[in-house]
4 protein chains.
Amino acid sequence: MSVRLIESLATTEPLADIFGDVSLIQAMLDFEVALARAQAQFKIIPPSAAAAIARKVQQEDAAAADFVHWGTTSQDAADTALVLLLKKAVPILDAGLLRIEKSLRKLAAKHKTTILMGRTLLQPAPPVTMALKAAGWSASIRRGRARLNLAAFEALIVQLGGASGTLAAMGNRGIQVAESMAKQLGLAFPDAPWHTHRDRLAELICACGILTGSLGKMARDISLLMQSEVGEAAEPVDDGRGGSSTMPQKRNPIASALTLAAASRVPGLTAAFLSQMVQEHERAVGGWQAEWPTVAAVIQSTGVAIASMAEAAEGLTVNPARMKQNLTATQGAIFAEKAALLLSQKTGREAAHQILERATDPGQLRNRTLSQTLAEIPEAQLEKGALSRLEDPRDYLGSANEFTNRLSRSRKNRARRGK
Amino acid sequence: MSVRLIESLATTEPLADIFGDVSLIQAMLDFEVALARAQAQFKIIPPSAAAAIARKVQQEDAAAADFVHWGTTSQDAADTALVLLLKKAVPILDAGLLRIEKSLRKLAAKHKTTILMGRTLLQPAPPVTMALKAAGWSASIRRGRARLNLAAFEALIVQLGGASGTLAAMGNRGIQVAESMAKQLGLAFPDAPWHTHRDRLAELICACGILTGSLGKMARDISLLMQSEVGEAAEPVDDGRGGSSTMPQKRNPIASALTLAAASRVPGLTAAFLSQMVQEHERAVGGWQAEWPTVAAVIQSTGVAIASMAEAAEGLTVNPARMKQNLTATQGAIFAEKAALLLSQKTGREAAHQILERATDPGQLRNRTLSQTLAEIPEAQLEKGALSRLEDPRDYLGSANEFTNRLSRSRKNRARRGK
Amino acid sequence: MSVRLIESLATTEPLADIFGDVSLIQAMLDFEVALARAQAQFKIIPPSAAAAIARKVQQEDAAAADFVHWGTTSQDAADTALVLLLKKAVPILDAGLLRIEKSLRKLAAKHKTTILMGRTLLQPAPPVTMALKAAGWSASIRRGRARLNLAAFEALIVQLGGASGTLAAMGNRGIQVAESMAKQLGLAFPDAPWHTHRDRLAELICACGILTGSLGKMARDISLLMQSEVGEAAEPVDDGRGGSSTMPQKRNPIASALTLAAASRVPGLTAAFLSQMVQEHERAVGGWQAEWPTVAAVIQSTGVAIASMAEAAEGLTVNPARMKQNLTATQGAIFAEKAALLLSQKTGREAAHQILERATDPGQLRNRTLSQTLAEIPEAQLEKGALSRLEDPRDYLGSANEFTNRLSRSRKNRARRGK
Amino acid sequence: MSVRLIESLATTEPLADIFGDVSLIQAMLDFEVALARAQAQFKIIPPSAAAAIARKVQQEDAAAADFVHWGTTSQDAADTALVLLLKKAVPILDAGLLRIEKSLRKLAAKHKTTILMGRTLLQPAPPVTMALKAAGWSASIRRGRARLNLAAFEALIVQLGGASGTLAAMGNRGIQVAESMAKQLGLAFPDAPWHTHRDRLAELICACGILTGSLGKMARDISLLMQSEVGEAAEPVDDGRGGSSTMPQKRNPIASALTLAAASRVPGLTAAFLSQMVQEHERAVGGWQAEWPTVAAVIQSTGVAIASMAEAAEGLTVNPARMKQNLTATQGAIFAEKAALLLSQKTGREAAHQILERATDPGQLRNRTLSQTLAEIPEAQLEKGALSRLEDPRDYLGSANEFTNRLSRSRKNRARRGK
């Protein structure tokens, strides 16, 4: 099925199909068929009508046509159809997230000892490992996946309430019908209809909003590491994608760009959904009509971000040599904290701070490293051994490895998953 | 502590205090004291320094002053302090939500047989009960409370990472220090620092966004029921509040107004938080600085909505007489669906629909009820008994009572609560 | 052209066509043709290539194919194409807005003396006229139209910058090429390329955000007036639209519902656009890719709101009898302010307030009007004439008519229009 | 006046004062005094009462107290007070914006020939000038200032409508009173009250939303240029600000951080305002109560961004040496487009593209420049002169200087300013 051009910037082909007309009409038919079967089961409509509806011949069969949509309201069909689309979409998101987690786990395992400078406020900071970076991305995305699945578990429910949400047209068999339908459609039936109680859908939308934030953080980091002046990592080169029409040699962070686009789009859509929750009485003025395009856009944008980061994670190139080179280029300035801690044990904190201010003056550090500078300051009485290890990044990683392990083995969020 | 005038529209006094200067400074001191004690325990700083810091005399004690904030970064203190404020704020929200649930449960119990017309797209629809309405509000708010507590359970964690999130300045004892601190402060320590992984806070913000949506739905319903032309329910009259400077007799829906204000404000703030999740590397440019005012505003606005709806729920006046009167005033039109169902069993759906179109013509219904009109249409062959019961709302409530019971006894969401 | 089902809730057919594939591809071709012609004019590419491109035969003509898109970047084509789509969309919005203004002007003219009760916080208030209400809607929409046209005037500009926004590949003839292109395409060329300066587009999006707010206010009012308990106005009955599958007699506020859906959707989309404005350097990571679906969604949702309110305005039914009846049903309570003002001239404000509190007690007003009640309170020394006119709404309209006239004749915003 | 700690991240001291209690109470008093004087002038209240109110002694003067707030509603005072605060705030924003424009104009003038590499998708691109960059920032901010002033011109209006917006309590002198008040307060009086027509305020909020986007773009660029690996520009070092508690030598982009915080916060607040525009009838449920904290937050956040970027612009350090060095480090790759254009004149576009793909292969460019590589490819028949000029950035600036001039001299937006 063809994806429309403008939309194609904000969806993937499988998700475009799911939210396309064919899929939507099928979901609505599934609703009607399950409804008719359930109603026949409880003798609300004749079995022959249900059979005709199930064969979709009801248009020629006037008697059967009478019983299509019996005792329900259009929002029943619309909401259930939307849920059926979501039921197809969520596993696609989940699978993509698992791809990312798996790739990042591999990446972390491979780069336990790959050291790069930390960066805070986009300025150099003490060293970290590539493994810690990848594990951090991964853990946040794993938590996001748990939220998504839990929210889906709550939200994948049949809507059936009839005109006022009491199923009055089905007498006292309404709940039995609803539960039969739910079983047929592979959904749950909640305590009651939820025509104007949209909190479960809202939780799913919010889960997507949080996920695109986490994916966007990963994408921002990658796009920054890909800068030619940094050159520490790169997205994979894809079949033509990422090429530039004006600069043939360019390797553009296309996956990151698409992910950042989603991450800047979904928050506003989330706000749109949340502000639509204030719905009147039994069914609202402008209720689900307002939600559908928003839900479709959120799920599809999230899907783009997931698919993009899955590609990026699977093919990410890491350049340890540039990492080392960039780290060395700081002339030891990123070890000023370490030096200050060592010094202050001897001189007190205030004096140590002053020594470091002198030692890390850009004029001082122009041609020498921090350890060389400190060696020339008499007050900076560091021992030779300490001085020589000062700028060894392996000596100043703190709990980086342990944090990486904790982030990687953490499965406790699993318990929250809906399945 | 005085609440500033403009802010006072979007906070309650207890929450204003929690996010006020005194409380914030105390939280930051708590962080420093817990840190110092933990560091003394693991011999990173001298016990005497920790003791001086704990006595807050460190400003006069230069040796102790050296060890304040040792090996940490300002975001460690800022994030942990924010979490400590949230730890005080969430129980206030929770208690308010419980008040609402309790009151609505009472309301539902009291009004099991109080019938009012349903309203869809703000037009008359088949009848519902006041109990079902209250149970619907309540269940959605209960689910929201579960989300809030679960999110708080995840988010109430110590931040401690130092300059680059590795706790390098604490050698190999960083995690022990962090866990000791967490214990002292009554928080958890997560797998790793979360300077630029803000998904747990985001979940808390989203939980508030969803809650204000559910509270806003309740407020919208109440404000609509309070219209003088409807007159079916009313907020309690408070000490002066709700009075009008120009119309002394007026009873304004003040609690609903404040709640609707929050419900229209929090979604945008939620979007602001989500779009701030894209944070660079180890600590971001404009990271937590952007979040603090947003988090404070979200929690406080949610608090206003909760406090307002608690008041409204506790003192809500229901007017069964007006409900009956409004229902009767529809001349039976809201039972057209019921009549159509009865008729179509005899005439088929299409014919029944046409009969009803004639019977519910406003000209027809002007002076007579639907049953009277139908009695005069020969094709409408309903039996006397069916006709006489046609406009009895008790006879067309479907599963309203069972839905109410299911919504009221539902405790399965409890399992999701963090405590 | 068929409109996809989910989208069809948030667009109109003409706008769906404009943002459809055929239209977009045509706009991109128009860009390439105009570029080629301009470049041929300034001898950057051979005239024969430009001619082949203009005949769209360039795919068979290898020499011409070489010169397609010469010296530009893909964002040049994408942005200019988007602008060309907007150039077609804005007049549709403008025409719809003019329809609304015209209908509301007629409505105001017709209902100068149609009096209804004012409503504040959804409670009864002193009377207003239907003309004032319509003129208020109209003026706000007229100001919105002025903003839209001004923003479009600024935003309908060619994008042409090449790889870095310097048009380097066109030597020193870049600006001439750009200006020739602009002329061909009926657009302006701004001071410089605007690849990462998106404020003009943002202004257009904001203009739509403000407009949907104004249209949503009108829709909210109409849907409230349409409540069966109020019954003071009604949307026109459309060919089938607005009918209910469960309640044949129902007249749903469909135009209002679609407008309110748009009004709750566009603010979040506006936030999405604004947060995408922070774009890096010469061209951003995730820049226009993020914007396109947002811009298309905003324009189309605004279009739905405009088309819906145009229909509603043109066919709005007003029911002066119900207005009078509802006003009378307040038993004079809405004239309490008037009574208080009259009384306080005699008794002072505080005493008047107290008298009114007694007089407007619901117990008092149950069977009598305010003037009857006051007549029985000895302290309430109002003259007979004043008492008898107290509840005449025509006697308490203040400047309603003058405000209506001022709102209707106001043309000063015209000056701001771009044309 | 002290600024609260959490808020202080999102306001400046002058703006905190303006939206503080003292200032707000003064604005409300100003409203009451102006009202009383106007009403005395038109004989609605006694001159003695107006005089007492003006002397603020009315609390002791019972007769005067009777006439405070006569015939108005609380929203009249609230809205007018808010407008009076905005009247004080906008010139502060305007002055800050002028500081930025002035500094950037100087910067552009100084760096007409300072060349740096362009960057698209955060990858190297053909060269631009620092002047063009500064002029681009400046022009977008100048357009934003024009929008702000125009919106303020429209929004700085008195609110006066009384209970239902008809000024009924003032008989037929309402408009005269309102116009007299407006004159006293230095505001305009619009066609009619605007209790539920909030589009003018919305325009002001949107203008701030657009401005923070433009300021955020500038801040993002600066923070990227400040990266140690780039080092092409730096924010000024402020008195202590920007220092790091863990890294004494660090120079943090604090102004950019605060601006980016504002730029990610204001869009959500803008959405909140826009979704609050749907206000019921004559005065809304949760109307201005919802707006005040939002308006205050938007103006203050915008103020932080303006003040921060003013500081940054005034003290921005540019490092032409690093710019040259970074540009050279691309080994000529950024001139691939230029080479392709030159080549394709000889070989056709497709062949040129293929040659460049080979020549810009990272393996090729490792130790040689693009011109050296091309010299060794036989098919790449570029003349010596062209080859030697290939990597001279001055030879590939296209219209950069002319664009800079056009952006700098552009004054046409001036016409749109309200003053």
Can K217(A) and D199(B) be counted as an ion pair, charged N to O under 4.0 angstrom? no

Taking every heavy-atom pair that is under 4.5 Å apart, which of L397(B), L215(B), N172(B) has the most such pairs with chain A? L397(B)

For H197(A) and S140(B) the tightest heavy-atom approach is ND1-CB, 3.7 Å

Quick one, L225(B) and H281(A) - any side-chain contact, counting heavy atoms below 4.5 Å? yes

Checking S164(A) side chain against P126(B) main chain: does a donor-acceptor pair fall under 3.5 Å? yes

Would you say D66(B)'s side chain and R349(A)'s backbone share a donor-acceptor pair under 3.5 angstrom? yes

Atom pair CD (E282(A)) and CG (L132(B)), whose distance is rounded to the nearest 0.5 Å: 7.5 Å

Okay, F67(A) and chain B: the region with an atom under 4.5 Å from a heavy atom over there is backbone

Donor-acceptor pair, R283(B) side chain versus T120(A) backbone, under 3.5 Å? no

Top contributor to chain A contacts, counting heavy-atom pairs under 4.5 Å, from L341(B), T404(B), V266(B), D395(B): L341(B)

Side chain, backbone, both or neither: which part of A284(A) has a heavy atom under 4.5 Å from chain B? backbone

Of the backbone (N, CA, C, O) and the side chain (C-beta and beyond), which part of L260(A) lies under 4.5 Å from a heavy atom of chain B, both, or neither? side chain

